[in-house]
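The sequence lines fix the lettering, A, B, ..., with proteins before strands; numbering per chain opens at 1. These numbers come from a predicted model, not from an experiment.
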Amino acid sequence: MAYSEDDLKQDLVDQEYEFGFTTDVDSEKIPKGLTEETVRIISSKKEEPEWLLEYRLNALRVFQGMTEPDWAHVTYEKPNLQDIVFYSAPKPKKELASLDEVDPEILKTMERLGISLEEQKKLTGVAVDFVMDSVSVATSFKEKLGELGVIFCSFSEAVKEHPELVKKYLGTVVPSTDNYYAALNSAVFSDGSFCYIPKGTKCPMELSTYFRINESGTGQFERTLLIADEGSYVSYLEGCTAPQRDENQLHAAVVELIALDDAEIKYSTVQNWYPGDKNGLGGVFNFVTKRGICQRNAKISWTQVETGSAITWKYPSCILKGDNSVGEFYSVAVTNNHQMADTGTKMLHIGKNTKSTIISKGISAGMSHNSYRGLVKIGKGADNARNFSQCDSLLMTDTCGAHTYPYIECENSSAHLEHEATTSKIGEDQKFYCMQRGIGEEKAISLIVNGYAKEVLNKLPMEFAVEAQKLLEISLEGSVG
Amino acid sequence: MLKVKNLHASVGDKEILKGLNIEVKAGEVHAVMGPNGSGKSTLSAVLAGRDEYEVTAGEVDYLGKELLELNPEERSWEGVFLAFQYPVEIPGVSNINFLKTAINERRKYFEQDPIAAKDFLKMVKEKSALVELSDKLKNRSVNVGFSGGEKKRNEIFQMAMLEPKLSILDETDSGLDIDALRIVAHGVNTLKSKDNATIVITHYQRLLDYIIPDFVHVLYDGRIIKTGGKELALELEEKGYDWLTKEEA
Ligand SMILES: Nc1ncnc2c1ncn2[C@@H]1O[C@H](COP(=O)(O)OP(=O)(O)OP(=O)(O)O)[C@@H](O)[C@H]1O
Ligand SMILES: [Mg+2]
């Protein structure tokens with residue numbers, strides 16, 4: 001029996017009951033299902049301008065003419081869209097009186113990740129003291145950014161405060177017609193982040209969604225738009241290592257990056273959505289479209305550590321439009337138990353002397369399936385384009401699967417392409433060697449796996465890297481068979 | 001220190017050790033020789049606790065403990081060290097980080113705090129000098145891209161860092177040039193004390209010119225078939241194993 005959105009909701013209800021909550025009937029929810037009316041309601045509730053409503057309606061029409069793709073190496077019960085509530089007013093997370101009310105499993109994990117008590121409270125929605133450190137940090141953070149002219153706010157806020165920027169760039173990198181999930185997102189996106197770095201500005205700190213003030217749940221259809229104006233630089237962090245549960249089973253986010261001439265964007269993600277239980281029930285389906293465009297001499301670098309979700313479908317890509325532009329993709333994807341991940345990248349070389357690098361490290365355990373799917377496309381005009389791809393797979397058991405689908409389309413003979421791929425099983429010899437030196441099995445596995453993923457972890461900002469390392473360790477616990 | 005009694009071990013249904021006895025006291029050096037495939041590496045793996053090998057009979061007493069009851073890392077913490085015949089590569093894990101983890105895991109077992117960075121570095125400096133291990137090898141991934149000889153030297157460097165009580169060197173001399181052989185032997189001799197013991201597995205008597213054994217054992221078909229002093233190694237070098245194995249048959 002497939003586990004449906006309804007079962008999940010029921011579970012959450014039961015769970016809440018168990019914890020002694022009562023759920024109020026939410027008057028801000030609209031009826032289930034997806035129709036033109038749904039889209040109109042969403043737009044009007046958010047008080048959006050006419051052009052954005054038009055944008056959504058167009059996307060809906062496109063979406064209605066599409067069918068859900070099934071080329072990815074994942075199998076799942078397709079979510080019934082008519083059974084989803086597409087809008088509920090952003091409400092603050094339920095406040096709990098103390099950490100004692102939080103799921104002890106989650107607390108244990110957070111403790112092991114080295115997340116401080118105050119942070120644990122924040123992440124789990126426990127009421128925090130007003131003087132809490134990170135609040136004041138966040139405030140001064142925002143002031144500092146303001147001085148530099150950096151805009152960093154929620155997507156809805158941006159629509160109200162900076163409509164000209166949103167209108168100019170929304171959908172320019174990921175058009176609504178791009179794919180099924182992108183079309184769906186374009187029609188019904190709930191909220192997300194917006195970021196603009198002015199010309200010549202080097203953003204002095206890592207921008208993290210974690211620090212965004214007044215954050216309320218961004219919902220299941222998140223939209224992110226990030227613009228780095230000429231000669232600017234920004235490093236952006238998305239997600240967090242703490243385990244995240246969500247009552248929405250289906251997540252379809254869209255992220256668009258725009259790097260204008262000489263700009264550089266470093267985009268790092270740690271994704272740890274609930275993967276479901278040991279039998280794969282109840283996990284989040286994560287279908288994400290992420291793409292960036294590079295103008296002249298620009299650079300976009302995607303780094304991702306993917307450990308969560310029951311199903312991950314994600315291909316952060318770069319359009320190397322400008323001459324001398326650079327695209328990079330560094331990925332570690334871990335799957336355990338019954339998780340399925342189909343992830344990779346697309347590097348589209350259009351400009352001359354464009355360069356791309358792909359390093360993908362898959363780690364599969366349990367009964368999971370982990371696929372790399374990548375496309376390197378060299379256009380006619382992309383003289384002297386260069387690509388280096390390396391796709392490695394590490395298997396922890398005999399029951400898991402690793403698959404690699406590298407596609408190459410080359411229309412220019414001056415291109416220089418290199419591809420390397422390896423598949424290896426975690427070695428008994430390696431484990432025994434560690435154990436003989438006094439490093440127990442679990443620790444040995446984490447050491448070996450972290451060594452394997454090091455090239456990618458090194459690309460993450462420092463604090464993130466340390467947490468990501470521990471996260472790999474925890475995700476693979478008890479994974480050896 | 002170590003008493004092995006009637007040890008039987010097999011892989012699948014193939015018996016490899018067939019009633020092996022050996023006794024090693026603190027302060028002693030024992031050499032184990034024997035033809036290819038006689039079970040030397042199997043003996044060291046069984047003593048170190050590799051679970052591929054099933055012990056079907058016998059007992060091993062190590063410093064008053066039932067060695068076979070301990071898991072591999074516990075054996076290591078209690079002072080058992082194995083220099084591997086084929087040292088293993090661990091990409092992405094630096095030699096230094098590997099050793100630091102190993103040392104701290106042991107310290108945890110003895111309820112000690114992690115080693116202070118400066119003590120650790122001092123130790124690394126001192127011990128690597130002993131086997132003349134170059135700085136660049138210390139920071140490279142464990143054994144990755146090391147030459148055969150460098151790997152063996154790295155084993156002795158690790159041994160020096162972990163300060164074991166019982167060291168088993170499985171063909172550490174194979175693949176070493178004369179200079180490296182001298183360096184490795186010097187390392188082993190320097191680490192020798194009245195409180196620790198060494199078992200050297202080798203095919204060549206020349207190693208025993210540098211590391212002088214108190215006893216030489218001949219392992220054949222899963223059993224120790226002869227034990228003697230240093231001169232037995234010379235005799236084997238000269239006559240091979242035939243005269244012994246014929247006796248045996
Ligand atoms: N894991 C294993 N699976 C199957 N057979 C094994 C295994 N390990 C050892 N053997 C067999 O057991 C016998 C003894 O092997 P072992 O490696 O202990 O010999 P050795 O004395 O160390 O030889 P060498 O001098 O060549 O190093 C050999 O016949 C070998 O093929
Ligand atoms: Mg051997």
Side-chain angles (χ1 to χ4, degrees), chain A residues 112 114 305 330-332 334 359-363 390-396 420-460 465-466 468-470 472-473 476 480-481, chain B residues 41 44-53 70-95 97-110 140-144 151 154-155 157-159 161-164 166-168 170:
Chain A
R112 300 194 43 203
V305 174
Y330 301 101
S331 167
V332 175
V334 181
I359 310 274
S360 160
K361 304 268 181 178
I363 301 165
Q390 185 183 328
C391 308
D392 298 329
S393 311
L394 184 67
L395 307 176
M396 309 293 287
E420 288 172 13
T422 65
T423 300
S424 48
K425 174 131 200 278
I426 186 158
E428 287 302 319
D429 289 340
Q430 288 178 329
K431 269 194 289 175
F432 181 64
Y433 192 72
C434 292
M435 282 150 79
Q436 206 303 303
R437 299 306 187 238
I439 302 169
E441 186 168 23
E442 295 273 342
K443 187 95 192 170
I445 290 168
S446 97
L447 199 70
I448 296 165
V449 167
N450 276 308
Y452 165 80
K454 192 173 189 176
E455 259 177 289
V456 174
L457 297 178
N458 278 348
K459 299 287 173 188
L460 289 172
V466 174
Q469 223 173 43
K470 290 188 206 147
L472 289 188
E473 186 171 330
L476 288 169
V480 204
Chain B
S41 293
S44 56
V46 169
L47 292 179
R50 179 135 198 179
D51 64 3
E52 231 177 314
Y53 299 93
L70 305 179
N71 60 34
E73 59 272 25
E74 288 166 335
R75 298 182 198 199
S76 169
W77 298 329
E78 293 291 345
V80 175
F81 180 88
L82 170 61
F84 286 65
Q85 180 172 4
Y86 306 108
V88 178
E89 301 183 0
I90 311 179
V93 178
S94 82
N95 226 354
N97 181 25
F98 179 69
L99 273 170
K100 195 167 182 175
T101 309
I103 286 173
N104 283 334
E105 289 298 295
R106 174 195 295 189
R107 291 175 71 99
K108 209 191 278 171
Y109 174 70
F110 288 111
R140 279 230 302 259
S141 295
V142 179
N143 293 322
V144 176
K151 285 183 183 169
N154 195 28
E155 292 292 287
F157 168 57
Q158 293 184 22
M159 170 179 155
M161 291 291 291
L162 293 171
E163 302 177 321
L166 174 68
S167 307
I168 306 163
D170 191 356

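- Residues Thr101(B) and Lys443(A) share a closest heavy-atom pair of CG2-CE, 3.9 Å.
- Taking each heavy atom of Gly438(A) and Ser76(B) in turn, the nearest pair found is N-OG, 3.1 Å.
- Here the shortest heavy-atom pairing between Asp429(A) and Val88(B) reads O-CG2, 3.8 Å.
- Both the backbone and the side chain of Tyr433(A) come within less than 4.5 Å of a heavy atom of chain B.
- Looking at Glu89(B), the atoms closer than 4.5 Å to chain A (heavy atoms on both sides) all sit in the backbone: N, CA, C or O.
- Among all heavy-atom pairs drawn from Cys434(A) and Phe98(B), the shortest one is SG-CE1, 3.7 Å.
- In plain terms, the two heavy atoms of Phe432(A) and Gly49(B) that are nearest each other are CE1-C, 3.8 Å.
- Residue contact with chain A, scored on non-hydrogen atoms closer than 4.5 Å, is absent for Pro164(B).
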- request: Begin from the C-alpha positions of Val93(B) and Ile448(A) and carry the test side chain to side chain contact (heavy atoms under 4.5 Å, CB included) through to its verdict.
  value: CA-CA 7 Å; Val93(B) 178; Ile448(A) 296 165; 5.8 Å; no

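- The shortest distance between side-chain heavy atoms of Pro72(B) and Lys431(A) does not fall below 4.5 Å.
- Contact detail for Arg50(B) and Glu428(A): the closest heavy-atom pair is NH2-CB, 3.5 Å.
- Atom CG of Asn450(A) is separated from atom CD1 of Ile90(B) by 12.5 Å, given to the nearest 0.5 angstrom.
- With Gln436(A) contributing its side chain and Val80(B) its backbone, the two residues share a donor-acceptor pair below 3.5 Å.
- In this structure a side-chain-to-backbone donor-acceptor pair under 3.5 Å is present from Arg437(A) to Leu82(B).
- Across Tyr109(B), Trp77(B), Phe84(B), the residue that shares the most heavy-atom pairs under 4.5 angstrom with chain A is Phe84(B).
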